[in-house]
Amino acid sequence: MNDHVRRNTPLFPIGIVQKLTELTPRQIRYYEEHGLVFPTRTEGNQRLFSFRDVDRLLEIKAMMERGVNLSGIKEIYELKTYSEEPKQPKAPRSHDMTDRELRKHLRKEVMMAGKYSRPSMIQGQLSRFFD
DNA sequence: GTTCTAACA
DNA sequence: TGTTAGCA
């Protein structure tokens, strides 16, 4: 289990992403249509977003609030060939991360990803994923 | 109850 | 972008 995998693992249905980003499902789906995020699908065709998708949605939201339109945002990302995750140097781990360790790290990431959301909402959702 | 697609007073 | 309709 490495950082790249954690950031790209599909974990959240659109409802959770909505609360984490304060974007409407309509906007989130619309941004996907324009190739700004790439959620995977479950067997039932429901979207599952990764931390990376959430991070990007937060960036998009920030840009929109600063007056950048969809076309402008698309151009910015298209120039970056979508994946620009900082390469993680191979960590010399002697063993794989335990489930407990993974949960601890994921919890930290959710805190980060949802730092712009209302605390009450974050807390309410955290209980659905951790302990 | 939640999410999905498509469409528009 | 909002919102509603009809499904899964």
Presence of [X] side-chain N/O under 4.0 Å of [N] phosphate oxygens OP1/OP2:
X     : N     : answer
A:R41 : B:dT5 : yes
A:Y30 : C:dT3 : no
A:R26 : B:dC4 : no
A:R47 : B:dT3 : no

Roughly, in whole Å, what's the span from [atom1] in [X] to [atom2] in [N]?
X     : N     : atom1 : atom2 : result
A:N45 : B:dT2 : CG    : P     : 19 Å
A:L48 : B:dT3 : CG    : P     : 11 Å
A:R29 : B:dT3 : CZ    : C1'   : 6 Å
A:Y31 : C:dT1 : OH    : C1'   : 9 Å
A:E22 : C:dT1 : CD    : P     : 14 Å
A:E43 : B:dC4 : CD    : C1'   : 16 Å
A:I28 : B:dT5 : CD1   : C1'   : 16 Å
A:F49 : B:dT3 : CZ    : P     : 10 Å

| request: Report the base-pairing partner of B:dA9 (Watson-Crick or G-U wobble, both distances below 3.5 angstrom), or none. | output: none
| request: Go ahead and name the base partner of C:dG6; Watson-Crick or wobble counts if both distances stay under 3.5 Å, otherwise write none. | output: B:dC4
| said: By the 4.0 Å heavy-atom rule, please label A:G15 as base, sugar-phosphate, or nothing. | reply: sugar-phosphate
| Cationic N near anionic O, under 4.0 Å, A:E32 to A:R47 | yes
| note | Of the listed C:dG2, B:dT5, B:dT3, the closest approach to the A:I14 side chain comes from B:dT3
| task | Would you indicate whether the side-chain heavy atoms of A:T21 and A:Q27 approach each other to under 4.5 Å? | result |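 No, their side chains stay 4.5 Å or more apart.
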| query | Taking the side chain as C-beta and beyond, is there a heavy-atom pair between A:L48 and A:D53 under 4.5 Å? | reply | no
| request: Indicate the atoms forming the closest heavy-atom contact of A:R56 with A:V37, along with that distance. | output: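 Closest approach of A:R56 to A:V37: CG-CG1, 4.0 Å.
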| query | Going only through I, L, V, M, F, W and Y residues with side-chain contacts under 4.5 Å, is there a path from A:Y31 to A:I73? | reply | yes
| request: Tell me which of A:Q27 and A:Q46 sits closer to the 5' end of DNA chain C, going by the nucleotide each one is nearest to. | output: A:Q27
